[in-house]
Structures are given as structure tokens and as C-alpha cells.
Amino acid sequence: SIAKLAKLATIASILAASFNVFAEPVEIKFSHVVAENTPKGQMALKFKELIEQRLPGEYVVNVFPNSQLFGDNNELAALLLNDVQFVAPSLSKFERYTKKLQIFDLPFLFEDMAAVDRFQQSESGQKLLNSMNRKGVVGLGYLHNGMKQFSANDPLTLPKDANGKKFRIMASDVIAAQFDAVGAIPVKKPFSEVFTLLQTRAIDGQENTWSNTYSMKFYEVQSHITESNHGVLDYMVVSSNTFWKGLPADKRAVFKTALDEAIALGNKIAAEKDNEDRQAIIDSKRSQLVTLTQADRQQWVNAMKPVWAKFEDQIGKDMIDAAVAANT
Ligand code: LMR
């Protein structure tokens, strides 16, 4: 009879659920704002591959690049709503959740990426991964992109060349202060809008890594790029406390290992792209490279370094000292 069949079906579904037989894999979302052919894009795809290989049938990881799912203005809010489980915003985009990470935006703080890496891996750097725990955001690791360069539609050789020009910046008060310091006009805008803003000349310039400048084609709509290496653009891979702590401990361990391996690959790609994308931009001849003499660069340092003092209380002098110490 129908009643009997229904009863059998119910029993079968209870059995299936308890033995996890016909259960659908859990969908995990990883959302980011850059292209796939970037350190972050490749890192996210590696993470997907490793999870699906190591926990087959249990999880699928869907990666959404290019601000397709969430952009700069909503990815962290979406994380806390569990609409996405992993994001990796640049360290400049956590200001609403902690002031401590502002350290990474201080101009001319790190001499090179090796110094950035030493600081991130130090006790101070590792402590910063927990700086948003009370806000429900858990830091799982740092990922490199590279040092930032200035670009504009005029050569920027000395700080006075930036005077009065509008620059797109990430949503960071430190970066705003950095441009204020040379009389420029910083404009906070999401990454997804930068190309159009440059193309239409609504803004004059921007700052970014070689990888982002290349993958987003900013070099096609900027006549000059100044090789300034004035700051770092790196990421923190984050999840929400709710999602992360809600994972069974054994699965969480698999996720963490996969993430560490994916980050290691992403860092390797970051180092490679920094050279390759720089060269590809030079070879394209769409944009001209401005090289600074030591004396020119010193003028930028003198103009921008006073920004540190403005944020010292929020960041902590001990932190800044630890970062400076990582240079040697
Ligand atoms: C930017 O907004 O310029 C970068 O943070 C984009 C990114 O994620 O690399």
C-alpha cells in the first residue's frame, strides 16, 4: 500500500542520512575581487582542488572571482552572514574590524617582500591574525601579492607631481593620509570600478601591484607607472568564527592544511608574477616606466613618512618597531 511505501521511504531516508550515504556535499564558497590569473585567484583554485581531492563527496568549493558574487563593499559582511565561507581581502580593507592591521599600509615601512614575510611570520605578525576574533572574523593566514607602484596619466617623479591629482585608493585611512601628505586627492573606490574610473579619466591615478595593474589592464589606461615600491599589498585569508569553529575538528584540520598549501603556492606565484607582469607591462609599451633616483625617492619618503606618527596610537608603537626590525 501507499502508506507502507511511504513508511519504507522514510526509514530509507533516515538510514541514508545517518550513514551519510546519498547526502549532498556541503557547498563552500570562496569569493574574491581579482582575476583568476593572479596570486589570490590561483590560491583559491588550489584550495578548491585540495579540499575536493581530500574530502571527496563531502565538500565542494566554489570559487567566485572578479567581484562576481561579492565585492569590496560587502564581502566581509557576507562572510559574517555565512553567505560566503572564505574571503581574502587585502590587509587595507579590514579597518572597520580592527585598526591594528593598518600597520601594513604605512608608507615606506617594509624594504621588500622578504621583510613583509619575516614580520608576518613573527610573533607580532601572527598575533594580528587574531585581531578580529571579537568581531567574529578569524584570520587563517597571510597571502602575498607584492609591493605597490604609483600610476597616473603623467609621470610622477617627485611628490609635487602628485599635487592636486585624484587617486583611487582602497578603503584605508592610512592610504588616504599618505596621498593627503603630497597634496593629492584620495578617492576610496571598490576594485571593480577602478578600470572605468581610469579610462574615463574620472580619476587621474592609482596605486597597485604589478599583478593587479597587469591583470586588470590598468596599464592600458595609464600613461606612466612609477616604480616606487612604497608600500605592500598583501592579503589575509579569513573565515567567520561561526563557520570555522562549526567544522568538525578533523575536517577543520584538513581545511587548514589545504589552505596552508594553497597559500604556499599563491606566494610562489606572487613572486613570479611580480617580475613577469612588470615585464609584460614594459613590453606592451602602453605605459611608460618611471624610475626614481635615490634622491627622488627620498623626497617621497620625507613627504609620506610623517603619516606613521598619526596612526601610532591606533597601531601601537611596539608593533611598528617590530615591523621596522623585520627589515634587517
Ligand atoms: C585593490 O583593491 O586594489 C586590491 O586590494 C585588489 C586585490 O584584492 O588585490
Side-chain angles (χ1 to χ4, degrees), residues 30-45 47 63-76 78-79 84 86-97 101-105 107 113 116 120 139 141-152 166-176 178-179 186-199 202-219 221-222 225 228-238 262-263 266-267 269-274 277-278 281:
F30 193 136
S31 168
H32 66 81
V33 301
V34 291
E36 285 197 327
N37 191 22
T38 57
K40 184 159 60 179
Q42 292 297 303
M43 175 268 162
L45 289 174
F47 178 62
V63 180
F64 301 88
N66 288 314
S67 311
Q68 259 168 31
L69 187 63
F70 298 110
D72 282 335
N73 289 340
N74 55 9
E75 64 180 5
L76 281 164
L79 185 80
V84 59
F86 294 95
V87 292
S90 96
L91 295 165
S92 316
K93 294 176 183 171
F94 290 103
E95 222 168 66
R96 284 216 212 133
Y97 300 84
L101 292 174
Q102 294 184 123
I103 188 164
F104 290 100
D105 287 337
M113 291 306 291
V116 172
Q120 288 173 350
Y142 293 102
L143 171 69
H144 296 319
N145 187 321
M147 301 297 278
K148 292 183 291 189
Q149 324 298 338
F150 295 119
S151 76
K166 283 190 193 151
F167 286 85
R168 176 270 172 171
I169 62 163
M170 299 183 274
S172 154
D173 286 347
V174 177
I175 299 176
Q178 171 199 282
F179 280 101
V187 189
K188 292 178 180 173
K189 289 286 179 188
F191 189 60
S192 59
E193 292 176 22
V194 182
F195 181 86
T196 304
L197 288 167
L198 295 171
Q199 191 185 36
I203 53 168
D204 303 299
Q206 58 99 43
E207 53 159 35
N208 233 307
T209 60
W210 292 115
S211 164
N212 282 342
T213 301
Y214 182 67
S215 58
M216 296 305 278
K217 300 192 180 353
F218 298 158
Y219 69 100
V221 287
Q222 294 276 269
I225 303 177
S228 51
N229 292 309
H230 62 279
V232 61
L233 196 161
D234 265 15
Y235 308 108
M236 191 184 285
V237 184
V238 294
I263 286 175
N267 286 345
I269 291 170
E272 290 164 5
K273 289 218 160 295
D274 205 49
D277 293 354
R278 173 183 177 277
I281 290 169

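Counting convention: from 1, in listed order, for ligands and their atoms alike.
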Quiz prompt | Pair Ser215, Asn37: side-chain N/O donor-acceptor within cut-off below 3.5 Å | solution = no

Quiz prompt | Donor-acceptor pair, side chain of Gln42 and main chain of Glu36, under 3.5 angstrom | solution = yes

Contact table ligand 1 N or O to protein N or O, d under 3.5 Å:
from	atom 1	to	atom 2	distance (Å)
ligand 1	2 (O)	Lys93	NZ	2.7
ligand 1	2 (O)	Arg168	NH1	3.4
ligand 1	2 (O)	Arg168	NH2	2.8
ligand 1	3 (O)	Arg168	NH1	2.8
ligand 1	3 (O)	Asn208	ND2	2.9
ligand 1	5 (O)	Lys93	NZ	2.9
ligand 1	8 (O)	Lys40	NZ	2.7
ligand 1	9 (O)	Asn212	ND2	2.9
ligand 1	9 (O)	Tyr235	OH	2.5

Quiz item: So, does Asp105 use its side chain to make a donor-acceptor pair with the main chain of Gln102 at under 3.5 Å?
Solution: no

Quiz item: Under 3.5 Å, side chain of Asn267 to main-chain N/O of His144, donor-acceptor pair present?
Solution: yes

Quiz item: Hey, is the main chain of Asn229 close enough, under 3.5 Å, to the side chain of Gln149 for a donor-acceptor pair?
Solution: yes

Quiz item: Which residues pass the ring-ring contact (aromatic ring centres under 6.0 Å, His included) test with Phe104, sequence neighbours left out?
Solution: Phe119, Tyr142

